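For clarity, every value in this text was computed on a predicted model and none was experimentally measured. As a basis for the values below, the full set of heavy atoms in this structure was taken, side chains included, without hydrogen atoms, waters or symmetry mates. For the single chain, residues carry numbers from 1 onward in sequence order.
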Amino acid sequence: GVTREIFRPLTVSAEYSGSLGRNLYTVNVINRPGDIIYSPTYQPIPGRIFDLRRLNPRFDDIELRGNSGFSSYHGATLGIRYGDLARTGLTLRANYTWSHTIDNLSSPFGTERFVGARGLLDPLNPKLDKGSADFDARHRLVLYGQWNVPFGKNLRGVSKVLFDGWQVSGITTLTTGRPFNIGLAAGVNNGAPSWPNRTCSGKLDNPVPDRWFNETCFAAPPAFTYGN
């Protein structure tokens, strides 16, 4: 980052920060129903009941703990600071940050409350889940102020102890909302995860908190597909 003093009490700054995460911890169920569709010619062992829509129909769910997660963060911060403690006792600061966090699994154990939320959508294709992180906040503005109250400087004795050295300060943080996912109340993959298909933009001309997007733009995909 760089910092420059414009004049004695005023400085401006700019900085960039970034990070990459590779081989991050993941928890996946790799033998869910719907992971693969076997050829009709496949013949299971006589007398045994198999789910032919599992990767290995001889087993139920198989949990795999691995390191197929990845993430990246890029952020740029612009700041301005006014500090005149000697004359006025006043400090003002404002920082604006633009950032973007991308990953393929924000929480290994899943945080969404719909069918198939746990782990990656397709454990055999980790890149399929790449997108903005659940906690991504694109814009953030932080305002801070502090004032050293001068009223007790010339007091003596108990009065000085009680009234000298006080500070008044406050901080305000404004940030854009986090992304959210559209899910299915009932799955189409016999237990394997799936997303709905997006059929239009989903934007409303006059959104309200109870209807922030057009839900009719999302529909269940065909059976045994992941959706788009």
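Taking all atoms of both residues into account, the shortest heavy-atom contact from Pro179 to Asp134 is CD-O, 4.0 Å. Nearest heavy-atom pair, Thr175 versus Ala137, reported as atom, atom and distance to 0.1 Å: OG1-CB, 3.5 Å. Scanning all heavy atoms of the two residues, the minimum distance from Asp103 to Ala133 falls at OD2-CB, 3.3 Å. Shown here for Pro150 and Trp147, the closest heavy-atom pair between the two residues is CD-CZ2, 3.5 Å. Closest approach of Phe70 and Pro126 over heavy atoms only: CE2-O, 4.1 Å. Here the closest heavy-atom approach between residue Trp212 and residue Leu204 is recorded as C-CD1, 4.1 Å.
Rounding to the nearest 0.5 Å gives a distance of 8.5 Å between CD of Glu5 and CG of Leu10. Expressed to the nearest 0.5 Å, how far CG of Asp205 lies from NZ of Lys203 amounts to 10.5 Å. Put simply, CZ on Phe213 and SG on Cys200 are 11.0 Å apart, with the number rounded to the nearest 0.5 Å. For the atom pair Thr97 OG1 and His139 NE2, the distance stands at 11.0 Å (nearest 0.5 Å). Separating the CZ atom in Arg178 from the CZ atom in Arg138 is a distance of 13.5 Å, to the nearest 0.5 Å. Going from atom CG of Leu24 over to atom CG of Leu105 covers 9.0 Å, rounded to the nearest 0.5 Å.
Residues Leu78 and Leu141 are members of separate hydrophobic clusters, defined by side-chain heavy-atom contacts under 4.5 angstrom among Ile, Leu, Val, Met, Phe, Trp and Tyr. Under a hydrophobic-cluster definition in which Ile, Leu, Val, Met, Phe, Trp and Tyr are linked whenever side-chain heavy atoms come within less than 4.5 Å, directly or via other members, Ile6 and Ile80 are assigned to the same cluster. Hydrophobic cluster membership is shared by Val168 and Tyr82, with clusters built from Ile, Leu, Val, Met, Phe, Trp and Tyr side chains linked at under 4.5 angstrom. In the hydrophobic clustering of this structure, Ile171 does not group with Leu92; members are Ile, Leu, Val, Met, Phe, Trp, Tyr whose side-chain heavy atoms approach within less than 4.5 Å, directly or through other members. In this structure, Leu90 is a member of the same hydrophobic cluster as Val12, with clusters built from ILVMFWY side-chain heavy atoms closer than 4.5 Å.
Applying the side-chain hydrogen bond (donor to acceptor under 3.5 Å, both in side chains) definition to pairs two or more places apart or across chains, those involving residues 7-19 are Tyr16-His74.
Residues Asn104 and Lys127 form no side-chain contact, since every pair of their non-hydrogen atoms from C-beta on lies 4.5 Å or further apart. At a threshold of 4.5 Å between non-hydrogen side-chain atoms, the residues Arg4 and Val2 do not count as touching. Contact annotation: the side chain of Ser68 approaches that of Asn28 to within less than 4.5 Å [non-hydrogen atoms, C-beta and beyond].
Looking at Arg198, its side chain does come within 3.5 Å of a backbone N or O of Ser201 through a donor-acceptor pair. Judged by distance alone, with hydrogens and angles left aside, the side-chain atoms of Asp136 form a donor-acceptor pair with the main-chain N or O of Thr101 at under 3.5 Å. A donor-acceptor pair is defined here as one N or O able to donate and one able to accept, closer than 3.5 Å; no such pair exists between the side chain of Thr91 and the backbone of Gln146.
Other residues, nucleotides and ligands contribute over 12 non-hydrogen atoms within 6.0 Å of the CH2 atom of Trp98.
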